[in-house]
Amino acid sequence: MKLLIRILITSGLVLLIANFMSGVHVASFTTALIVAVVLGLLNIFIKPILVILTLPVTIVTLGLFLFVINAIIILLCTNIVGGFKVDSFLTALLFSIILSILQSLVYSIIGEDK
């Protein structure tokens with residue numbers, strides 16, 4: 001049940017951010033649901049591989065390179081999900097930062113901590 005709530009929250013936040021950011025386009029709520037699921041799967045399977053491969057760069061940048069990895073995950077999601085488009089790398093970077101902050105806020109408000 002917690003997973004379903006997290007997916008619904010993430011999809012709502014994706015739609016909310018897409019309404020305010022000019023470079024992010026989401027076709028519908030079902031597309032946002034698919035984006036939430038695909039982002040979750042990419043974060044489970046692809047992100048750890050990218051983190052391990054870029055560990056020296058991440059250490060040198062004191063962890064700031066993880067923002068770049070998050071943007072790459074967003075761009076991968078745009079290639080997988082039709083109806084979801086992010087215009088540029090910088091837009092994906094800003095989108096991932098805003099999404100992470102909003103997810104943290106919403107999860108702390110409703111009591112869904114990791």
Side-chain angles (χ1 to χ4, degrees):
M1 189 67 174
K2 285 185 179 184
L3 179 63
L4 183 62
I5 292 171
R6 289 173 87 77
I7 289 172
L8 288 173
I9 289 171
T10 302
S11 60
L13 291 175
V14 166
L15 272 177
L16 180 73
I17 296 169
N19 285 332
F20 289 110
M21 286 186 69
S22 60
V24 180
H25 311 284
V26 179
S28 65
F29 184 72
T30 55
T31 304
L33 280 172
I34 295 169
V35 167
V37 171
V38 169
L39 278 177
L41 291 173
L42 288 173
N43 282 331
I44 290 172
F45 295 112
I46 304 298
K47 187 174 180 180
I49 296 168
L50 290 176
V51 169
I52 290 172
L53 291 175
T54 61
L55 192 60
V57 177
T58 304
I59 291 171
V60 169
T61 62
L62 302 174
L64 292 176
F65 194 74
L66 291 174
F67 290 127
V68 174
I69 292 174
N70 285 338
I72 291 170
I73 295 292
I74 297 292
L75 291 175
L76 281 173
C77 187
T78 61
N79 291 331
I80 295 171
V81 178
F84 176 63
K85 186 172 184 317
V86 179
D87 290 341
S88 66
F89 178 79
L90 288 176
T91 306
L93 184 68
L94 187 60
F95 176 81
S96 68
I97 291 170
I98 293 171
L99 183 63
S100 297
I101 291 170
L102 289 178
Q103 280 178 330
S104 296
L105 287 173
V106 171
Y107 294 152
S108 66
I109 289 171
I110 65 170
E112 287 254 345
D113 293 334
K114 287 187 177 180

Name the atoms and distances for all side-chain donor-acceptor pairs under 3.5 Å in residues 57-67, with sequence neighbours left out.
residue : atom : partner : partner atom : Å
Thr58   : OG1  : Thr54   : O            : 2.9
Thr61   : OG1  : Val57   : O            : 3.0
Thr61   : OG1  : Thr58   : O            : 3.3
Thr61   : OG1  : Phe65   : N            : 3.2

Point to revise | Other cluster members, Ile49 - Ile/Leu/Val/Met/Phe/Trp/Tyr, side-chain contacts below 4.5 Å | key: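 Cluster partners of Ile49: Leu53.
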Looking at residues at least two apart in the chain, or sitting in another chain, which of them share a side-chain contact (heavy atoms from CB on, under 4.5 Å) with [X]?
X	answer
Ile34	Val38, Val81
Ala36	Ile7, Thr10, Ser11
Ser100	none

Review point. In the single-linkage hydrophobic clustering (I, L, V, M, F, W, Y; side-chain heavy atoms under 4.5 Å), do Phe29 and Phe95 co-cluster?
Key: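 Yes.
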Practice item. Determine, using the 4.5 Å side-chain heavy-atom cutoff (strictly less than), whether Leu3 and Ile5 are members of one ILVMFWY cluster. Key: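 In one cluster: yes.
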**Study point:** Residues Ile101, Leu105; criterion side-chain contact (heavy atoms from CB on, under 4.5 Å); working and verdict
**Key:** CA-CA 6 Å; Ile101 291 170; Leu105 287 173; 4.2 Å; yes
What's the separation between atom [atom1] in [X] and atom [atom2] in [Y], rounded to the nearest 0.5 Å?
X	Y	atom1	atom2	value
Ile109	Ile9	CD1	CD1	10.0 Å
Leu75	Ile80	CG	CD1	11.0 Å
Thr91	Ile98	OG1	CD1	10.0 Å
Ile17	Leu99	CD1	CG	4.5 Å

Side chains of residues 18-27: which donor-acceptor pairs under 3.5 Å do they make with residues two or more places apart or in other chains?
residue : atom : partner : partner atom : Å
Asn19   : ND2  : Leu15   : O            : 3.3
His25   : NE2  : Asp87   : OD1          : 3.4
His25   : NE2  : Asp87   : OD2          : 3.4

**Study point:** Contact list for residues 70-84, test side-chain hydrogen bond (donor to acceptor under 3.5 Å, both in side chains), sequence neighbours left out
**Key:**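 Sorted pair list: Lys47-Asn70.
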Check your understanding: Which residue pairs pass the side-chain hydrogen bond (donor to acceptor under 3.5 Å, both in side chains) test when at least one of the two sits in residues 27-45, sequence neighbours left out?
Key ->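 Of all non-adjacent pairs touching residues 27-45, those that pass side-chain hydrogen bond (donor to acceptor under 3.5 Å, both in side chains) are Ser28-Thr30, Ser28-Thr31.
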Exercise for review: Mind jotting down which residue pairs meet the salt bridge (charged side-chain N to carboxylate O under 4.0 Å, His left out) criterion with at least one end in residues 88-107? Sequence neighbours excluded, please.
Suggested key: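 Residue pairs with at least one partner in residues 88-107: there are none.
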Check your understanding: What pairs meet the salt bridge (charged side-chain N to carboxylate O under 4.0 Å, His left out) rule with one or both residues in residues 56-78, with sequence neighbours excluded?
Key ->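 Residue pairs passing salt bridge (charged side-chain N to carboxylate O under 4.0 Å, His left out), neighbours aside: none found.
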Check your understanding: Going through the distances and angles, do Ile74 and Leu39 end up as a side-chain contact (heavy atoms from CB on, under 4.5 Å)?
Key -> CA-CA 7 Å; Ile74 297 292; Leu39 278 177; 3.7 Å; yes
Practice item. Report yes if some heavy atom in the side chain of Val14 is under 4.5 Å from a heavy atom in the side chain of Leu33; otherwise report no. Key: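 Val14 vs Leu33: side chains apart.
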Practice item. Write down the atom of Leu93, the atom of Val68, and the distance for their closest heavy-atom approach. Key: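 Result for this residue pair: CD1-N, 4.1 Å.
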**Study point:** Shortest non-hydrogen separation from Ala71 to Ser96 and the atoms involved
**Key:**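 Heavy atoms only, the tightest pair is N-OG, 4.1 Å.
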